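Below: one structure, written as structure tokens.
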Protein chains: 2
Amino acid sequence: IIEIKNLTKIYDTGKIKVNALNGVDFSIGEGELIAIMGPSGSGKSTMMNVLGCLDKPTGGTYFLDDTDVSTMSEDRLADIRNQKIGFVFQTFNLLARTSALKNVELPMVYAKLPAAEREERARKALTAVGLGERMYHMPNELSGGQQQRVAIARALVNDPKIILADEPTGNLDSHSSEEILLIFQQLNREGKTIVIVTHEPDIAQHCKRNVVFKDGVIIADKKVETV
Amino acid sequence: IIEIKNLTKIYDTGKIKVNALNGVDFSIGEGELIAIMGPSGSGKSTMMNVLGCLDKPTGGTYFLDDTDVSTMSEDRLADIRNQKIGFVFQTFNLLARTSALKNVELPMVYAKLPAAEREERARKALTAVGLGERMYHMPNELSGGQQQRVAIARALVNDPKIILADEPTGNLDSHSSEEILLIFQQLNREGKTIVIVTHEPDIAQHCKRNVVFKDGVIIADKKVETV
Ligand SMILES: Nc1ncnc2c1ncn2[C@@H]1O[C@H](COP(=O)(O)OP(=O)(O)OP(=O)(O)O)[C@@H](O)[C@H]1O
Ligand SMILES: Nc1ncnc2c1ncn2[C@@H]1O[C@H](COP(=O)(O)OP(=O)(O)OP(=O)(O)O)[C@@H](O)[C@H]1O
Ligand SMILES: [Mg+2]
Ligand SMILES: [Mg+2]
């Protein structure tokens, strides 16, 4: 469902020029569970931002469900970001003056769900990530790992077909990490396509395919051998 | 050099009340290298904020170099935060409109170091964490792991006696994590006292003492057996 060919992304601000992606070829089939790894600065988040239609590539092509993303209108892209793709940001990106509950409701506000249904689904999502007792806290009244879990809950709440999670367990202890991994595995069994950027070999081992980035290109792309 | 007795911290905003620390006893000798672990939400960052004089406890005592911190003036606390303690925040807390270089210079501005020396020390610190080629980037022009390394460089640049690092490798791949660990071990050999909150057993194994938090109290406090 995702076909990326010869993708390049250059950040050029005049003062600085960085080749963040240097010709990436990447296809993702429906229902895959992929871990992306690679050194800090190797282009993983940049790739995720392009996949999530949050950023436009400099060159190359990105076909999403057989449609060239570069031909899509801004409205259509906004719909895709809201309905089709759930995105967990590496730095959470929660609204600071909004409770955990309202933060998780936000994607459903855009989707025009009625208030009662929004609240119920947000509560359910927060409970699933272990934050049932923190729903009314503001982000700065939450621990780092709790903020991360609010970001995860928010990404799942519109039941998107594709989930892109950029280092979703970086701030979590092993127990909480496992709980998040179980959630992703369960969603994958239900048919969701999931891409997780991770530094943790343990998470990568529990995915079905591992992709490794280095200096803006993919240097390895392997199925995971299940023991 | 750090003596904490029966420390409690209650967050009470009227609407919500959380007992973040529930009677913590904790002493740290000069030159120790301690890893703090524990589940998400168990009070680790709260403990670090109290240790770093960034937050006042609700009850109990905190003696730093034999002085009761609760008796210190705001000016004295500001000096301690600037000169004696280097703090790496879990969520980096970089200034958004300031380059990596200027962010790292900031503690030295407060310490009134001359501009030429500030710039040289900032460059050195950024190079040591592998960011020699990213000095003029703004935080939003850096990857997550690069932002984390700027936060680490900034904490070290005033050559503080005590380093408090709250999950300094959460966004780093294993290679970059090792580099950071080596930096901390080297500083510890030079006599610095270092406390690292981490979720990674590998980091904990390379420290000399492991402390485990759960529900706002310390449930384990052991020397690391060197094999
Ligand atoms: N300002 C605040 N107001 C209310 N509750 C708070 C506040 N800050 C933290 N808490 C709560 O206090 C508890 C401890 O938070 P703390 O940040 O110390 O956890 P932590 O161990 O660092 O977790 P993590 O591993 O997720 O970073 C959490 O349950 C959190 O929800
Ligand atoms: N807006 C930007 N302007 C300039 N350079 C940028 C920008 N955003 C990212 N970069 C650079 O592009 C490269 C790739 O960044 P990216 O965030 O994709 O890395 P990453 O693999 O996600 O790293 P990490 O594991 O540290 O999160 C980095 O070297 C970074 O400095
Ligand atoms: Mg990244
Ligand atoms: Mg924390």
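Computed from a prediction, not measured in an experiment: that's the story for all the values here.
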Full working for side-chain contact (heavy atoms from CB on, under 4.5 Å) between A:H137 and B:V18: CA-CA 10 Å; A:H137 284 233; B:V18 176; 3.4 Å; yes
Side-chain heavy-atom pair B:I16, A:R134 within 4.5 angstrom cut-off: no
Is [X] in contact with chain A via its backbone, its side chain, both, or neither, using a 4.5 Å heavy-atom distance?
| X | answer |
| --- | --- |
| B:S42 | neither |
| B:V197 | neither |
| B:S143 | side chain |

Any residue of residues 167-180 of chain B which, by heavy atoms, sits under 4.5 Å from chain A: B:E167, B:G170, B:N171, B:L172, B:D173, B:S176
Any residue of residues 145-158 of chain B which, by heavy atoms, sits under 4.5 Å from chain A: B:G145, B:Q146, B:Q147, B:R149
Most contacts with chain B, counted as non-hydrogen pairs under 4.5 angstrom, among A:Q90, A:K15, A:E133, A:E141: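 Option with the greatest count: A:Q90.
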Pick from A:H199, A:K44, A:M37 with the largest number of heavy-atom pairs that fall under 4.5 Å of chain B: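 Of the options given, most contacts go to A:H199.
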Over 12 foreign heavy atoms within 6.0 Å of CD, A:Q186: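 Check passes, neighbour count above 12.
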Residue part contacting chain B, namely of A:E200, when any heavy atom lies under 4.5 Å: neither
Option that, when pairs with chain A are counted at under 4.5 Å, heavy atom only, ranks first among B:P39, B:G43, B:A20: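 Maximum pair count with chain A is reached by B:P39.
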